[in-house]
Trainee: 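Questions regarding the structure given below will be posed in turn.
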Amino acid sequence: MEGEDGFGSADRSGGEKVEELVHIKALFFARARDLTGMNDVLLEVPSGSTTKDCLDKIVGKFPRLEEILGCVVLALNEDYTTETTIVKDKDELAIIPPISGG
């Protein structure tokens, strides 16, 4: 039943499907932080999205990150991960570029 405000239950008779979103926090380290000017950003992505999907969305917001994409390491909830891992609601995705030192 739908209220006057347009919110209500989804139409189960073949109407438009409501896409479920998950919220993640992307963390930027070292050069990634320099290129974005931020420590972190909150993202909304469709349920079933991979870390690569999230990374693509982040690069869409911060195109300067393309400069380091070929050499970043990803961590999901403090564990190293691959670009094919599915993210879940409230996950933290860290983007970690190589760090040089002497």
Trainee: Taking a hydrophobic cluster as the set of Ile, Leu, Val, Met, Phe, Trp and Tyr residues connected by side-chain heavy atoms closer than 4.5 Å, whether directly or through intermediates, do I86 and I24 fall within one such cluster?
Mentor: no
Trainee: Can K57 and D53 be counted as an ion pair, charged N to O under 4.0 angstrom?
Mentor: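 Judged by the 4.0 Å cut-off on N to carboxylate O distance, K57 and D53 do not form a salt bridge.
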Trainee: Identify the two heavy atoms, one from C71 and one from P98, that lie closest to each other, and give their separation to 0.1 Å.
Mentor: O-CD, 3.3 Å
Trainee: Looking at D56, I95, V59, which one forms a side-chain contact (heavy atoms from CB on, under 4.5 Å) with L69?
Mentor: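 Among the candidates, only V59 passes.
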Trainee: Taking all atoms of both residues into account, what is the closest heavy-atom pair of A32 and P97, and its distance?
Mentor: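 Residues A32 and P97, closest heavy atoms: N-CG, 3.5 Å.
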Trainee: Return the CG to CD distance between L55 and E83, rounded to the nearest 0.5 Å.
Mentor: 6.0 Å
Trainee: Closest heavy-atom contact between A94 and F29?
Mentor: CB-CE1, 3.6 Å
Trainee: Supply the atom-to-atom distance K90 NZ to N77 CG, rounded to the nearest 0.5 angstrom.
Mentor: 12.5 Å
Trainee: If you measure from SG on C54 to CG on L43, what distance do you get to the nearest 0.5 Å?
Mentor: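 It is 6.0 Å, given to the nearest 0.5 Å.
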Trainee: Are M38 and L65 linked, directly or through other ILVMFWY residues, by side chains that come within less than 4.5 angstrom of each other?
Mentor: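 Looking at the clustering, L65 is in the same group as M38.
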Trainee: For the residue pair K88 and V22, what are the closest heavy atoms and their distance?
Mentor: C-CB, 4.2 Å
Trainee: Using the rule that two of Ile, Leu, Val, Met, Phe, Trp, Tyr join whenever any of their side-chain heavy atoms come within less than 4.5 Å, decide whether V72 and F28 are in one cluster.
Mentor: yes
Trainee: Does L93 reach the side chain of L74, with side-chain heavy atoms less than 4.5 Å apart?
Mentor: yes
Trainee: Cluster question for you: counting only ILVMFWY and a side-chain heavy-atom cut-off of under 4.5 Å, with indirect links fine, are V45 and F62 together?
Mentor: yes
Trainee: Under 4.5 Å between side-chain heavy atoms, hopping through other hydrophobics if needed: is there a path connecting V87 to L42?
Mentor: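 Different hydrophobic clusters.
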Trainee: Please collect all side-chain hydrogen bond (donor to acceptor under 3.5 Å, both in side chains) contacts where either partner lies in residues 34-47, sequence neighbours excluded, each pair once.
Mentor: H23-E44
Trainee: Hey, could you give me the OG1/CG distance between T51 and L76, rounded to the nearest 0.5 Å?
Mentor: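 T51 OG1 to L76 CG: 7.0 Å, rounded to 0.5 Å.
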